[in-house]
Amino acid sequence: MHPSHQQISDLIIETKYSEAERLALAHVQKNPLDGQGWLLLGESLLRQQQGKSAQLLMERALLLDPEAKWVDWMQEELGKVPSGDIHPDIQRLIRVSRPTIAAAIIVKNEERCIERCIRSLQEAVDEIVIVDSGSTDQTIQIIKKYPNIKLIESNWNDSFAELRNISLAHVTSDWILIIDADEWLHQGDGDALRLAAGLFHPLRPVTPMLHPSIINHINGTENVNFSVPRLFPNGRGIRFEGRIHEQISTEAEGIFTTNVFHKPVRIRIHHDGYDSQVKKSKAKLDRNIKLLKMMTDEDSSNPGWWYFRGRETMELGDIAQALYCFEQALRYGKQYARFGRIPEIQLLMGNIQLSQGRLDLAETHYLQALEPHADFPDAHFQLANLAMIRAQEQWKKAMHHVAHAAEGFHTYRGAVSADHEIHLWKADALKADLLVQNGHLSEAKKLLNQVRNRSPHMDRIQNKLSFILRQQMQLNQSTLTPSAKKGTTQ
């Protein structure tokens with residue numbers, strides 16, 4: 001925790017709310033892009049029963065820290081205090097300039113979704129620039145229904161970056177939002193868009209590169225991604241490189257830029273272009289592989305292009321080729337300190353090995369995925385999944401051996417005398433323990449009832465049965481409705 005954060009937090013814990021407010025106020029004035037500072041200032045006011053002011057400050061904190069896990073807590077705590085009036089000092093504190101914003105879009109045959117995209121932007125931005133690369137459906141006619149849109153018609157030359165750069169050249173606003181036709185801005189987030197641009201506009205000499213929350217709608221589910229830069233100031237030399245999966249770049253450094261400040265922000269953009277039906281209709285994977293092969297041929301030492309090619313090839317099911325591409329990405333990625341995809345590449349390689357039953361190789365990749373960031377959740381999750389698979393294999397192995405332990409008495413005639421209690425009751429008792437460990441309580445209970453009469457250690461068997469009974473009662477209790485638990489009728 002930042003020293004200032006710790007000091008403020010300690011003061012709140014000690015109920016010294018006014019002192020915490022004073023320190024937090026000084027902190028956010030000095031560090032206006034620190035979401036945690038805004039949260040602590042909000043909490044100090046919340047504890048002083050200033051609900052409305054606290055809410056404004058916490059909303060600012062959430063804008064700057066969109067992956068925060070305290071949102072539910074905030075709503076609950078705000079409901080416990082009076083709203084109160086917003087103090088003029090707080091109003092002045094949260095006020096920022098509002099630079100103009102342009103939405104830059106590239107399209108081709110997007111009649112399915114382009115109007116949805118345009119409508120979501122109408123009140124949110126000052127300018128909409130659309131570059132069309134040869135639409136043959138109703139896309140152009142739909143766009144022309146909106147007279148305020150700047151439409152540029154171009155050719156498709158196997159390069160999305162080329163089209164992006166054409167769109168940038170026609171923008172006159174202070175900031176640029178990159179958005180695709182199959183995306184739409186979340187209703188009500190237009191104000192957050194302008195606020196984020198205003199907050200980061202003074203940042204220099206580095207260029208702010210903001211990452212909205214991309215909400216991918218895939219076959220009825222939602223997947224949130226903060227990894228794609230979409231919002232940045234105009235006139236800072238930013239352009240795009242790459243025929244597909246185009247990347248932000250600068251003329252001096254290319255895509256591995258050091259003079260750029262990347263930051264997730266709470267601006268929600270919805271996307272449905274990864275839905276299986278949409279992908280199938282546009283043959284996206286085949287097109288992507290073609291363009292990515294061109295890219296790795298043209299720039300074979302670029303780890304990003306190998307990474308994207310491996311990911312798309314993996315989705316097509318060409319496992320051997322995908323592994324080769326990922327190996328190339330790792331090989332060249334080590335040469336670039338700014339290449340941040342290595343944990344994901346290791347994770348994907350681990351997933352491939354896991355799917356092939358190569359557990360040791362999978363584990364090696366997952367552990368390597370943790371090396372840059374020891375708290376990488378996906379790698380820990382997959383290691384847990386791997387441990388569970390191994391535990392299940394060990395369970396099956398134990399069941400195999402316990403079965404052979406009992407059956408061996410029919411054939412074993414060795415010089416060493418066998419323990420006949422194994423055949424009598426021990427094997428079945430151990431099998432019951434294994435069944436309990438794997439959740440087969442009823443089957444274990446039935447087996448132990450059969451063993452009880454054969455075992456000279458009835459107390460031990462009875463203890464096992466009592467444990468199973470308690471487990472079953474707890475499970476039954478957990479499935480009852482609240483009224484049923486109280487013994488009432490519906």
Side-chain angles (χ1 to χ4, degrees), residues 33 35 63-67 99 101-106 117 121 124-125 129 131 159-169 171 173-186 189 192-216 223-271 273-274 302-305 307-308 311 333 336-344:
L33 303 181
L63 174 71
L64 294 167
D65 186 12
E67 298 178 83
I101 300 175
I105 313 169
I106 60 175
C117 178
L121 298 167
V125 300
V129 176
V131 176
S159 174
F160 285 98
E162 178 183 288
L163 298 174
R164 296 282 187 208
N165 292 331
I166 291 171
S167 73
L168 299 187
V171 167
S173 297
D174 299 320
W175 277 65
I176 302 169
L177 172 68
I178 299 297
I179 189 166
D180 290 333
D182 55 7
E183 297 175 335
W184 64 99
L185 184 67
H186 188 85
D189 277 10
L193 186 68
R194 294 185 182 277
L195 179 58
L199 278 168
F200 286 88
H201 195 65
L203 192 62
R204 281 179 172 76
V206 297
T207 298
M209 193 65 58
L210 306 186
H211 297 227
S213 164
I214 308 297
I215 304 171
N216 292 301
N223 172 269
V224 181
N225 186 346
F226 287 96
S227 67
V228 185
R230 294 295 193 88
L231 183 62
F232 52 88
N234 194 11
R236 303 275 190 100
I238 297 297
R239 53 183 289 105
F240 286 90
E241 287 187 29
R243 294 179 179 276
I244 183 74
H245 300 309
E246 57 279 12
Q247 302 292 294
I248 292 289
S249 74
T250 62
E251 187 174 348
E253 297 180 289
I255 65 173
F256 300 107
T257 55
T258 58
N259 201 36
V260 170
F261 177 69
H262 290 270
K263 186 75 170 66
V265 289
R266 193 176 191 265
I267 298 166
R268 292 160 290 184
I269 295 176
H270 298 269
H271 173 232
Y274 287 157
N302 188 314
W305 305 158
Y307 155 73
F308 286 121
R311 193 182 68 178
Y336 296 94
R338 299 284 292 180
F339 182 63
R341 295 283 189 175
I342 287 178
E344 184 180 0

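By convention here, the first residue in the shown sequence is residue 1. Everything numeric in this text was worked out from a predicted model, so none of it was measured.
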Please lay out, stage by stage, how Val265 and Leu199 fare under the test side-chain contact (heavy atoms from CB on, under 4.5 Å). CA-CA 11 Å; Val265 289; Leu199 278 168; over 6 Å; no
Worked verdict on Leu64 versus Lys263 for side-chain contact (heavy atoms from CB on, under 4.5 Å): CA-CA 8 Å; Leu64 294 167; Lys263 186 75 170 66; 4.3 Å; yes
Apply side-chain contact (heavy atoms from CB on, under 4.5 Å) to Phe308 and Ile244, showing your working. CA-CA 9 Å; Phe308 286 121; Ile244 183 74; over 6 Å; no
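Atoms CD1 and CH2, on Ile215 and Trp184 in that order, are 9.0 Å from each other to the nearest 0.5 Å. Taking CZ of Arg243 as the start and CG of Leu163 as the end, the distance is 11.5 Å to the nearest 0.5 Å. Here NE2 of His211 is found 11.5 Å from CD1 of Ile267. Values are rounded to the nearest 0.5 Å. Rounding to the nearest 0.5 Å gives a distance of 10.0 Å between CE of Met209 and CG of Asn259. To the nearest 0.5 Å, atom CZ of residue Phe240 and atom OG of residue Ser159 are 11.5 Å apart. In this structure, CD1 on Ile214 lies 9.0 Å from CZ on Phe226, to the nearest 0.5 angstrom.
The two residues Ile101 and Val125 have their closest heavy-atom pair at O-CB, 3.5 Å. Of all the heavy atoms in Pro233 and Pro208, the pair that sits closest is CD-O, 3.2 Å. The minimum heavy-atom distance between Pro66 and Pro264, with the atom names listed, is CD-O, 3.6 Å. Summarising the geometry of Trp175 relative to Phe232, their closest heavy-atom pair is CE3-C, 3.3 Å, with the distance given to 0.1 Å. Of all the heavy atoms in Cys117 and Ala181, the pair that sits closest is CB-O, 3.6 Å. Counting all heavy atoms, side chain and backbone alike, Ala161 lies closest to Glu241 at CB-C, 3.7 Å.
For the pair Ile238/Thr250, a side-chain contact is recorded, criterion being any heavy-atom separation below 4.5 Å from C-beta on. Asn234 has its side chain out of reach of Asp174: every pair of non-hydrogen atoms, C-beta onward, lies at least 4.5 Å apart. Arg266 is not listed as a side-chain neighbour of His186, based on a closest heavy-atom distance of 4.5 Å or more. Counting only heavy atoms from C-beta outward, the side chains of Ile269 and Leu177 approach each other to under 4.5 Å. Side-chain atoms of Trp305 and Gln247, non-hydrogen and from C-beta on, do get closer than 4.5 Å to each other. Annotation: side chain of His245 is not in contact with side chain of Tyr307 (no heavy-atom distance under 4.5 Å). Using a 4.5 Å cut-off on side-chain heavy atoms (C-beta onward), Phe339 and Ile255 make no contact.
The backbone N or O of Arg268 sits less than 3.5 Å from a side-chain atom of Asp189, completing a donor-acceptor pair. Judged purely by atom type and a 3.5 angstrom limit, Arg230 uses its side chain to pair as donor or acceptor with the backbone of Ile178. Using a distance-only test at 3.5 Å, with no hydrogens or angles considered, no donor-acceptor pair links the side chain of Asp180 to the main chain of Asp182.
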